[in-house]
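A, B, ... follow the sequence lines: proteins, then strands. Residue 1 opens every chain. Being a predicted model, the structure only gives us computed values, none of them experimental.
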Amino acid sequence: MTTEREMVDTVTITVDGVEHQVPAGELLIKAAQDKGTYIPRFCWHERMAPVGMCRMCLVEIETPRGPALVPACTTPVNDGMVVDTKGATVAKAQEAVLEYLLINHPLDCPVCDKGGECPLQDQAMSHGPGESRFVEFKRTFEKPISISELVLLDRERCILCARCTRFSEEVSGDPLIEFIDRGNHVQVNTFPDEPFRSYFSGNTVQICPVGALTAKPYRFRARPWDLEKVESSSLFDTAHPRIEIHTSHDVVLRFTGVDNDATNHGWLSDKARFGFQYISSDDRVLVPLVRQDGEHVEAEWNEALQHAADRLGMIKDESGGEALAVLGGAQGTNEDAYALSRFARQVLGTNNVDARMDDALASHFLAATVDRARINDLDTADTIVLWGPDLKEEHPTLYLRARRAAQDLGVELVVVHPRANGLDDRAGHKITYRPGGGFALLEAFGRGDHPEFDAAVNGKKVVALVGMTDLADGPKLPEAVAAYLRSKAASCKILPLNSRGNTYGALDMGLAPDLLPGRVALDSESAGRLAGHWGQIPARPGRDTRGILEAVVAGEIRGLVLVGADPVRDVPDSALVAEAFEAAEFVVSIDTFVHDSNRSADVILPAATLSEKDGTVTNVEGRVQRVNQIRRPPGQTRTDWAILEDLSALIGSPMGLTSAETITKEIAEVAPVYAGVSWDLLEWDHRDGVVLPIEGPAPLTHIPVMLEGHGAPQAEFTLHAARVMYDDGVRLRHSPALRKLAPGAIACINPADAPKLGAREGARVRLVTRQGEGEFDVVLDEGTPSGVVYVPLNQRGGVSLGTDPVVRVTVVT
Amino acid sequence: MGIVKDLLKGLAVTGRTMIGTITGRELVTRPYPHVKREKPQRFHGRHVLNRYPDGMEKCIGCELCAGACPAECIYVRGKENDIDNPVSPGERFGYVYEINMLRCIFCGLCVEACPTEAITMTHLFEMSTTNREDGIYTKDELLMSPDGKVPHMFPDDPLADLGELDTADGWVRATAPGGRAAYQGVRMWAGTPGVGDWSPEPSQEERDRRSGDG
C-alpha cells in the first residue's frame with residue numbers, strides 16, 4: 001500500500017500556515033477537505049464536475065501579483081501554493097457571498113423539510129454575517145410546485161447552485177430539469193408538459209443544499225432532530241447500494257444514499273430510496289394466519305407453527321422429503337437464506353429448493369462464474385459489453401456506474417439489446433436484434449458480420465454485463481455470450497445479472513437444487529463438510545422452480561414452503577403456476593404480505609423485513625455487506641430464521657440457531673467461500689463490505705460454455721417482455737408513492753406498425769402467445785423497433801405471456 | 001428586674017404577632033386554595049397554543065419547541081395544509097401537539113424557541129390529576145378556541161381561578177407578521193394569553209419610508 005501511495009505524484013501546499021502533501025492536480029477544496037480543512041461550499045459535490053456557481057468557497061492564494069481570491073472548487077493545487085481559508089479578507093468575501101445568497105432566500109426554515117440539516121442554514125451560521133441588511137421584498141414564486149410524482153420544487157428557496165441540473169445531465173442522463181429565464185428571474189424548472197420523471201430524481205433532493213427540492217413521501221413527516229439513523233444496504237437493487245435508514249418513533253420515514261466507493265457513489269434509484277413505505281404499510285401481515293374452511297383466521301404462533309409442523313412432518317413421513325419443496329428466500333438476509341437452506345435439507349430432507357423464479361440464469365453461472373467482475377472493474381475496462389436487461393430498469397446502480405465509465409472515463413460501451421436502452425446515448429455501438437434471435441446474432445458475431453463489435457472486443461480488456469434481455473432467448477444465451485467474449489477478449493470479466501434483492505446471497509447459501517452453502521456443488525464432499533452441523537442430507541440434486549411446479553401438478557410434490565416468494569406473479573409460465581397451486585396439498589408461506597401466491601396458503605407466518613432485522617447480504621459482485629435493524633418488528637412478526645428454527649424443533653429436528661450473528665459464524669465455518677466473514681469485520685474494518693472469497697480461490701468455479709440455441713423466430717411480431725423499475729411486485733404494491741408510477745398493462749409498438757395493425761395510441765390490443773393471452777393498452781414508442789411488441793412484466797391488470805416470442809396482435813378497440 | 005423586663009419584651013412580640021395573625025395584619029401564610037397569592041408577571045404556568053386574530057392557528061408544526069425541550073416532554077407532528085381550508089398560514093400546520101405536563105419543568109424554552117409565538121405560558125399551575133394519562137395535554141386542551149378563550153381542564157371546580165388562563169406570562173418577541181394582508185395594520189389582541197400588546201404590523205410602504213428608500 002505504501003509504495004502505491006508514494007507513486008501518486010504529490011505536491012506541497014500550505015493551508016492556513018500548515019504544510020500538506022496532496023495529490024497533484026486535485027482540486028483545492030477536495031485537497032483541503034481531505035487534510036481536515038473544511039471550505040464552505042454549496043455547488044461543489046465530490047461526485048460531480050465543478051462549476052464554480054455559488055462562489056461560497058472563495059479562498060485567498062498567493063500569486064505573483066499578490067494575494068487573490070479564487071474559488072477553491074475550480075482551482076487545482078499547485079506545488080508551493082499558499083492558501084488562506086480563514087483570514088479577514090476571506091471571511092469578508094464569504095460573508096458577502098452568503099449575504100447575497102440570502103437576499104432572496106425566504107425565512108421558511110421552520111416549515112422547510114431541510115431545516116436542521118440544511119447546508120445553507122449551517123453555513124449561514126458558521127460563515128455568514130449573522131445579520132441581514134436587506135429589508136426589500138424578496139423575489140417570489142408560486143410556493144412548491146409539483147415537478148413529478150415524487151418531488152416538489154420551491155423556487156423561492158433555490159440558490160441556483162446547479163447541483164440538480166448537473167446531476168440530471170451528467171450522472172443520471174435524463175436532463176429534465178434546467179435553468180430558465182435570465183438575470184434576476186433565473187429559476188430552475190422542468191420543461192413544459194414534461195415532468196421530472198427520472199428514475200433517480202430522489203438524489204437531487206438529497207444533494208440540494210437548500211430546501212428547494214423536497215421529497216413528497218417525506219414531506220412534513222419529521223424534523224432531522226427526531227430521526228434515529230442506522231446504515232444498511234438496500235435490497236431493491238442487486239448491487240446493494242449503501243443506505244441510511246431514518247426512523248422516528250419506530251416508523252421508517254426515509255432512506256438516504258451513503259457515499260460508497262465500491263457500489264453506489266452515494267446515489268440511489270427512486271425505487272431504492274422511496275421503496276421504504278411498504279415497511280409501515282397497514283396491509284402487513286402481523287399475526288399468524290391459518291386457513292379454516294377456505295378463510296384465513298388469526299391464530300396463536302404456537303397453533304400455527306404446530307399445524308404447519310404436523311402437516312409437513314406428515315407428508316415427510318408418508319412420502320419422504322422429495323414430496324416437499326421450498327421456493328423463495330431471495331428477498332431476505334443471508335442468515336435467513338442459510339436457515340432456509342438448512343431447514344430444507346436437514347429438517348424436510350429435500351433438495352427441492354430454489355430462490356430463482358424460473359426467470360433466471362443457471363445457478364452455477366450466477367454463483368460461481370470463475371472470472372466474475374467487480375463493479376469497480378467497469379471504470380478500468382477498455383470495453384463494457386452489455387448484453388442483458390436494460391440496466392436503467394433493473395440494475396440502476398450498475399446503470400449509473402456504466403454510464404459514468406463510458407461518459408467520463410473513456411471506456412467504450414457496446415450495447416446489444418432488442419429495443420431502446422437507457423445507455424444508448426453513451427454506447428459506442430448499439431446492436432439491435434429481434435427478440436428470440438439472440439443465438440442467431442451470436443452466430444453472426446462468430447462469422448464476423450459485425451466488424452465494429454469485433455473491433456471493440458477482440459484483444460481488449462472487456463467487462464461483460466450479461467443477463468436475460470427478455471424471456472425469449474432463455475437462460476442459456478447469456479452463458480454463450482460470456483463464453484464467446486472470453487474467447488475473443490484479451491481479458492474478460494463477467495457480471496452475470498439477475499434481478500431480485502439478495503439472489504446472489506441466497507444462491508451462496510445453497511438455495512438452488514444443485515448448490516450447497518459457500519458456492520459449492522451438491523456432492524458428497526460438501527455434504528460431508530456440513531455433516532457436523534446439518535447431519536445427513538439427501539444426496540440426489542433436487543428440482544428447480546419449474547421442476548418443482550411440474551412435480552406439484554403431477555402429484556409428486558405435496559407440500560410447498562414459500563419464503564418471501566410470489567411465484568404466481570414472477571414465474572413466466574403462469575398457467576403452470578396456477579395449476580400447481582391448485583394441486584398443492586399443503587402450502588406454508590412465510591411472508592410480509594398476503595399476495596396472489598399465498599392467498600390460499602394453509603398457513604401464513606408473518607415475517608420481519610428490512611430495517612427490522614440484522615444480518616448480511618451478498619450483492620451482484622459477491623460483496624458481503626451488513627443490513628442493520630433499527631425498528632422493532634411490528635405486531636407478532638419474526639425473522640425468517642427464528643420461524644424456521646421453531647418449525648424445525650416442532651418437526652423434531654431442531655437446527656439450534658440462536659441469533660443472526662451466530663448464524664453468520666456458522667456460515668463462516670461451513671460455507672467455504674464465507675470463511676473469515678464476521679460482523680466485526682463488516683462493522684469495523686470493512687464498512688463497505690468485502691468481496692468473497694476474502695482469501696484464496698473460490699471452491700467451485702464455473703466456466704461459461706458455448707451452448708446451442710434456437711434460431712430467430714419467424715413471425716410478423718415478436719414479443720419483448722422485460723422487467724421495468726416500477727411493477728406490481730409485492731413491496732411496490734404496498735408503497736403508495738411508487739405504486740402509481742408503474743406503467744400498467746401496456747404494449748409498446750413502433751409508430752410505423754400502427755397503421756398496419758389499425759391501432760392508435762391508447763387502443764386496446766389482444767396479444768396471444770402459445771403460453772398466454774391478454775389485453776393491453778397500446779403505447780406508440782419510437783424506442784421499440786418495428787415488428788416488436790414490448791410489454792413490461794408484472795403490471796397491474798396485465799398477464800404473463802410466457803416465454804415464447806411469437807405473438808399475434810389483434811386490435812380490440 | 002432585668003430578667004422580667006426582657007421576658008415581657010419577648011412576650012410582647014409574641015402577643016403582637018398573635019393579634020396580628022388573628023386580625024390578618026401580619027399573616028405570612030394564606031388560606032390556599034380559597035385565597036391565592038398574586039403571581040409575578042412572568043410566572044411560568046401551563047402552556048397554551050394561540051391563534052391569530054383571524055382564527056388561524058399559529059402553530060406550524062415545526063417541532064422547534066420539541067427540539068428545544070430539555071425534558072423531552074413535547075411531541076409534535078406537522079402536516080400539509082389543505083390549500084382551500086388551511087389550519088394555519090403557510091404550508092404546514094401542527095397536526096399533533098402533545099405536552100406531557102408530568103415531565104415538563106416549565107422552563108419556557110419552548111416559548112423562546114417558537115418562531116410564531118404559537119406556544120406561550122399562562123399563570124395556571126394547578127394541574128394535578130388522578131391518573132397519568134390526564135397529565136398529557138393534547139391540542140384539545142392546549143389550543144385556544146377561536147374566540148380567544150382557553151379551555152380550562154376543570155371549569156366547574158369552585159376553587160379554580162379561571163382568570164389564570166387568561167393571563168399571559170408576558171414574554172413576547174416581536175417577529176412574525178400577522179399572516180394575512182387583511183389584518184395589516186389591525187392591532188393584535190391585547191390582554192389574551194401570549195399575544196401581549198404590541199403595535200400593529202406596518203405595511204411594506206411604511207417600512208420602505210422608514211428605511212429611507214420610499
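Surrounding CG of B:Leu159 are more than 12 heavy atoms belonging to other residues, nucleotides or ligands, all under 6.0 Å away. For A:Glu228, the CD atom sits in a loose shell: 12 or fewer heavy atoms of surrounding residues, nucleotides or ligands are nearer than 6.0 Å. Counting heavy atoms of neighbouring residues, nucleotides and ligands inside a 6.0 Å radius, atom CG of B:Leu102 exceeds 12 of them. Around atom OH of B:Tyr95, no more than 12 heavy atoms belonging to other residues, nucleotides or ligands sit under 6.0 Å away. Other residues, nucleotides and ligands contribute at most 12 non-hydrogen atoms within 6.0 Å of the CG atom of A:Asp282. Within 6.0 Å of OH in A:Tyr100 there are 12 or fewer heavy atoms belonging to other residues, nucleotides or ligands. Dense packing is recorded around NZ of A:Lys138, with more than 12 heavy atoms of other residues, nucleotides or ligands lying under 6.0 Å away.
If you take CG on A:Leu152 and CD on B:Glu91, they are separated by 8.5 Å, rounding to the nearest 0.5 Å.
Chosen from B:Gly61, B:Gly78, B:Gly90, B:Ala66, the residue pairing most often with chain A at heavy-atom distances under 4.5 Å is B:Gly78.
For B:Tyr75, the part sitting under 4.5 Å from any heavy atom of chain A is the side chain, from C-beta outward, and nothing else.
The closest side-chain heavy-atom distance from B:Arg92 to A:Asp113 is below 4.5 Å.
For residues 210-226 of chain A, heavy-atom neighbours of chain B at less than 4.5 Å comprise A:Arg219, A:Phe220, A:Arg221, A:Ala222, A:Arg223, A:Trp225, A:Asp226, sorted by residue number.
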